[in-house]
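Reckoned from all heavy atoms, side chains included, excluding hydrogens, waters and symmetry mates.
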Amino acid sequence: MATFVPLLAREQVEKLPARAREVVEYRKSGLSLNHIQGCPLDCAYCIRHTYGLWDARQPRALMSDADAVGELVEHRYFQPHVTPIQVFNRATDPFLPNVRPHTFAVLEDLDERGLTNHVLVITRHKMKPEDADRLNQLRHVKVTLLFTYSGIDNKKIEPYPSHVAAESLKLMSAPPRRKYRTVLYWRPLVPGLNDSDEHLTTARELGEHADATVFTGLFYRAEIAEYYKANNLPEPYEETARRKIVPETLEQRVLAAFPASAPLFRKTSCAVSYAHGLPDYNGHYGIRELCDICPLSQLELCAGAHRRPTADQLRQAAASLPEARGLEVVEVSEAAAVVSGLDTEQPRYYLQHALGFQVHDVAHPHRSKRHGRAETGWKEQAKND
C-alpha cells in the first residue's frame with residue numbers, strides 16, 4: 001500500500017472537486033486512470049484548469065496503485081483487450097520522479113493480468129535509459145509513449161522546456177528492438193506562437209525519430225481563457241471552443257512542411273494504431289477526408305477492419321449502460337453512427353471502442369474538412385456548409 005507520493009486521507013479526497021474524485025474517466029482516446037493528481041510543470045494551457053486542480057502542484061495519491069487498477073478493470077466501461085487505456089494523462093506527468101514508480105506499477109499490474117489493451121502514456125518529462133529496459137519487460141500490453149512537444153519558448157505559457165521532451169523522444173526511440181512505440185505528440189500548435197517556418201522544420205526533423213507524429217491544436221476552454229486574462233498572457237483566440245482549435249491555414253502549413261512519405265496523422269488513435277501495425281481503434285476510416293495523409297499500408301489495414309454496425313448492434317452494445325437508456329440511433333452511414341439521448345460523452349466513447357466505428361452526437365455534428373475540430377479559423381467554409 002506504500003506510495004511514493006503522499007496518500008490522501010478519505011476526508012481529504014472527499015473535499016476535492018467532484019470531477020477530480022473520478023479516478024476512472026472515459027476520454028476520447030481511452031479510459032483514463034488518474035489516481036495521482038498534481039503537477040509542478042505549470043503549463044498555462046493545462047487541462048487541470050477544467051478539473052479544479054490547477055493549484056494542485058504537488059502530486060498526491062487518492063488511493064493505492066493496486067486499488068486504482070482494480071477500479072479500472074472492474075469499471076463498467078472497461079473491455080479486456082479492447083478498451084484503450086490512458087495513464088495519468090489528466091492531472092500529472094507520469095514520469096515526474098516521484099510519479100514514475102506509480103506509472104510502472106500500473107503498467108506491470110495490467111501486464112501481469114495478461115491484458116493486451118493499448119496503453120497510452122503521455123509525457124514531456126526527462127526519461128532514462130533504464131525506463132526503456134523496464135518497458136521492454138512488459139509482455140502483453142501495447143504501450144505507446146507520446147512525447148508532448150510544442151517548441152513554445154514563452155516561459156509564462158510553458159515553463160518546462162520543450163527540448164526535454166525532444167531528447168526523451170530521441171532516447172526512447174533509439175533502441176533497435178523495443179516492444180513499446182513512440183509518438184511525437186506535436187501540441188498545442190498555436191498561430192503566432194509556435195508555427196514559424198523554423199518551428200515546423202524542427203518538428204519535422206524530430207518526427208523522424210518517432211514511429212509516428214500526430215499534430216493538434218489548443219483546448220481553449222473557458223477556465224483556461226480566464227487564466228490567460230488574469231495573468232496577462234497573450235490570448236490566442238477571441239473565443240473559446242469545445243473542441244481543439246486548428247485553423248485551416250495552420251493545418252495547410254503543417255501538411256506542406258512534412259514529406260508525403262512521413263507517418264503524419266491528425267488523430268491520436270490513428271498514430272498509435274499505425275505505430276503498432278493495427279487498424280485505428282477509433283474507426284476513423286469511414287470519414288475518408290481524415291485519411292488523405294495516411295500511409296497506404298495503414299489505409300489497407302483500416303479498410304479491412306471497417307464494419308458498419310446496425311442500429312440494433314448499437315443498442316445492444318449500449319444495453320449494459322444505465323446512462324445510455326435514452327440512446328436513440330438517428331442515422332448509421334458508412335462514415336459514422338449518429339446518436340442522441342446521451343447526457344455525457346463517456347458512453348459514446350464506450351460504443352465507439354466496442355464497435356471500432358465512429359459514433360457522433362447529433363448535437364455536435366462533424367463539419368466537412370474540420371476533422372472533428374473547432375469551427376475557429378474555418379469561418380468561410382462554415383458559411384458554405
Inset, instruction - Measure the CG-CZ distance between L53 and R19 for me, rounded to the nearest 0.5 Å. - result: 10.0 Å
Legend entry - Y149 reachable from L171 in the ILVMFWY side-chain graph, under 4.5 Å edges: yes
Inset, instruction - Tell me whether I157 is reachable from I47 by hopping between hydrophobic residues (I, L, V, M, F, W, Y) whose side-chain heavy atoms are closer than 4.5 Å. - result: no
Inset, instruction - Give a yes or no on whether the backbone of P295 and the side-chain of Q298 come within a donor-acceptor separation of less than 3.5 Å. - result: no
Legend entry - Expected output: side-chain D93 to main-chain P40 donor-acceptor under 3.5 Å: no
Legend entry - Ionic contact status for D42 with K155, cut-off 4.0 Å: no
Inset, instruction - Of all the heavy-atom pairs spanning A257 and L200, show the shortest one and how long it is. - result: CB-CB, 3.9 Å
Inset, instruction - Supply the atom-to-atom distance E328 CD to L342 CG, rounded to the nearest 0.5 angstrom. - result: 10.0 Å
Inset, instruction - To the nearest 0.5 angstrom, please state how far the OH atom of Y237 sits from the OG1 atom of T376. - result: 7.5 Å
Inset, instruction - For the residue pair N34 and S32, confirm or rule out a side-chain donor-acceptor distance under 3.5 Å. - result: yes
Inset, instruction - Show your reasoning for whether side-chain contact (heavy atoms from CB on, under 4.5 Å) applies to T92 and V5. - result: CA-CA 12 Å; T92 194; V5 303; over 6 Å; no
Legend entry - Check: H49 side chain, R221 main-chain N or O, donor-acceptor pair, under 3.5 Å: no
Inset, instruction - Could you tell me which non-hydrogen atom of Y51 sits nearest to which non-hydrogen atom of A20, and how far apart they are? - result: O-CB, 4.1 Å
Inset, instruction - Report yes or no: does N194 contribute a side-chain atom to a donor-acceptor pair with the main-chain N or O of V190 at less than 3.5 Å? - result: yes
Legend entry - Any donor-acceptor N or O pair under 3.5 Å, side chains N117, T83: no
Legend entry - Parallel, tilted or perpendicular, as decided by the 30° and 60° cut-offs, for the rings of Y281 and H118: tilted
Legend entry - Nearest-0.5 Å distance, CD of residue Q12 to CZ of residue R60: 7.5 Å
Legend entry - Within-4.5 Å side-chain heavy-atom neighbours: W54 and E223: no
Inset, instruction - Check the angle between the aromatic planes of F104 and F95 and answer parallel, tilted or perpendicular using the 30° and 60° thresholds. - result: perpendicular
Inset, instruction - Answer yes or no: is there an ion pair linking R134 with D131, defined by an N-O contact shorter than 4.0 Å? - result: no
Legend entry - Atom CZ of R242: over 12 foreign heavy atoms under 6.0 Å: yes
Inset, instruction - For the residue pair L218 and P236, establish whether any side-chain heavy-atom pair is separated by less than 4.5 Å. - result: yes
Inset, instruction - Decide, yes or no, whether a salt bridge links R100 with E130 under the criterion of side-chain N to carboxylate O below 4.0 Å. - result: no
Inset, instruction - Check the pair L31, L33 against side-chain contact (heavy atoms from CB on, under 4.5 Å), reporting the backbone distance first and the verdict last. - result: CA-CA 7 Å; L31 199 56; L33 181 65; over 6 Å; no
Inset, instruction - Step through it carefully: locate the ring centre of F88, locate the ring centre of H102, and say whether they are under 6.0 Å apart. - result: no
Inset, instruction - Treating Ile, Leu, Val, Met, Phe, Trp and Tyr as nodes and any side-chain heavy-atom pair under 4.5 angstrom as an edge, say whether V183 and L290 lie in one connected cluster. - result: no
Inset, instruction - Would you mind reporting whether S173 and R178 have side-chain heavy atoms less than 4.5 Å apart? - result: yes
Inset, instruction - Could you tell me whether the side chain of Q137 reaches within less than 4.5 Å of the side chain of E108, counting heavy atoms only? - result: no
Legend entry - Any donor-acceptor N or O pair under 3.5 Å, side chains E251, H371: yes
Inset, instruction - Dump the intermediate steps for side-chain contact (heavy atoms from CB on, under 4.5 Å) on V106 and I85, then the final yes or no. - result: CA-CA 11 Å; V106 168; I85 300 165; over 6 Å; no
Legend entry - Heavy-atom pair of closest approach, residues S320 and Y350: OG-OH, 4.0 Å
Inset, instruction - Tell me whether L321 is reachable from V339 by hopping between hydrophobic residues (I, L, V, M, F, W, Y) whose side-chain heavy atoms are closer than 4.5 Å. - result: yes
Legend entry - Contact check, side chains of H125 and L41, non-hydrogen atoms, under 4.5 Å: yes
Inset, instruction - Decide yes or no on salt bridge (charged side-chain N to carboxylate O under 4.0 Å, His left out) for D111 and K179, but give the supporting numbers first. - result: CA-CA 13 Å; D111 195 64; K179 297 179 180 178; over 6 Å; no
Legend entry - Exercise: identify the closest heavy-atom pair between R124 and S150: NH2-OG, 4.3 Å
Legend entry - Under 3.5 Å: donor-acceptor pair, side chain of T103, backbone of P94: yes
Inset, instruction - Classify the side-chain pair Q352/Y26 by whether it contains a donor and acceptor separated by less than 3.5 Å. - result: no
Legend entry - Exercise: do T202 and H199 side chains pair donor with acceptor under 3.5 Å: no
Inset, instruction - Please assess V332 against R308 for the test side-chain contact (heavy atoms from CB on, under 4.5 Å), listing each intermediate value before the final yes or no. - result: CA-CA 8 Å; V332 183; R308 175 179 173 178; 3.9 Å; yes
Legend entry - Basic-acidic side-chain contact under 4.0 Å: K229, E226: no
Legend entry - Atom pair OH/OG1 of Y185 and T144 - distance to nearest 0.5 Å: 11.0 Å
Inset, instruction - Please examine the side chains of Y180 and L138, heavy atoms only from C-beta on, and report whether any two atoms are closer than 4.5 Å. - result: no
Legend entry - Note: E375-R370 ion pair, threshold 4.0 Å (strictly below): yes
Inset, instruction - Could you check whether the rings of W186 and F258 sit parallel, tilted or perpendicular, using 30° and 60° as the cut-offs? - result: tilted
Legend entry - Within 6.0 angstrom of K28 NZ, more than 12 heavy atoms from elsewhere: yes
Inset, instruction - Check whether I36 and V119 end up in the same hydrophobic cluster, where Ile, Leu, Val, Met, Phe, Trp and Tyr are linked by side-chain heavy atoms less than 4.5 Å apart. - result: yes
Legend entry - Q358 side-chain N/O to N282 backbone N/O, donor-acceptor pair under 3.5 Å: yes
Inset, instruction - Taking the six-membered ring for Trp and the full ring for Phe, Tyr or His, determine whether the centres of Y220 and Y228 are under 6.0 Å apart. - result: yes
Inset, instruction - Mind listing the closest non-hydrogen atom pair of G217 and V246 along with its distance? - result: N-CG2, 3.2 Å
Inset, instruction - May I ask you to check whether over 12 heavy atoms, not counting those of Q252, lie within 6.0 Å of atom CD? - result: yes
Inset, instruction - Report yes if the side chains of T148 and I122 come closer than 4.5 Å at any heavy-atom pair, otherwise no. - result: yes
Legend entry - Closest heavy-atom pair and its distance - I152, S162: N-OG, 3.9 Å
Inset, instruction - Before accepting this row, confirm whether a basic side-chain N of the pair R253/D195 lies closer than 4.0 Å to the acidic partner's carboxylate O. - result: yes
Inset, instruction - Check for a donor-acceptor pair, side chain of D361 on one end and backbone N or O of A363 on the other, with a separation under 3.5 Å. - result: yes
Inset, instruction - Please examine the side chains of R266 and L255, heavy atoms only from C-beta on, and report whether any two atoms are closer than 4.5 Å. - result: yes
Inset, instruction - Return yes if some donor-acceptor pair links the side-chain N/O of K142 with the main-chain N/O of T116 below 3.5 Å, else return no. - result: yes
Inset, instruction - Tell me, please, whether Y285 has R288 positioned over its six-membered ring: NZ or CZ under 6.0 Å from the ring centre and within 45 degrees of its axis? - result: yes
Inset, instruction - Quick one: pull up CD1 in I224 and CD in E235 and give me the separation to the nearest 0.5 Å. - result: 13.0 Å
Legend entry - Under 3.5 Å donor-acceptor, R139 side chain and N136 backbone: no
Inset, instruction - Would you please indicate yes or no on a ring centroid separation below 6.0 angstrom for H353 and Y77? - result: no
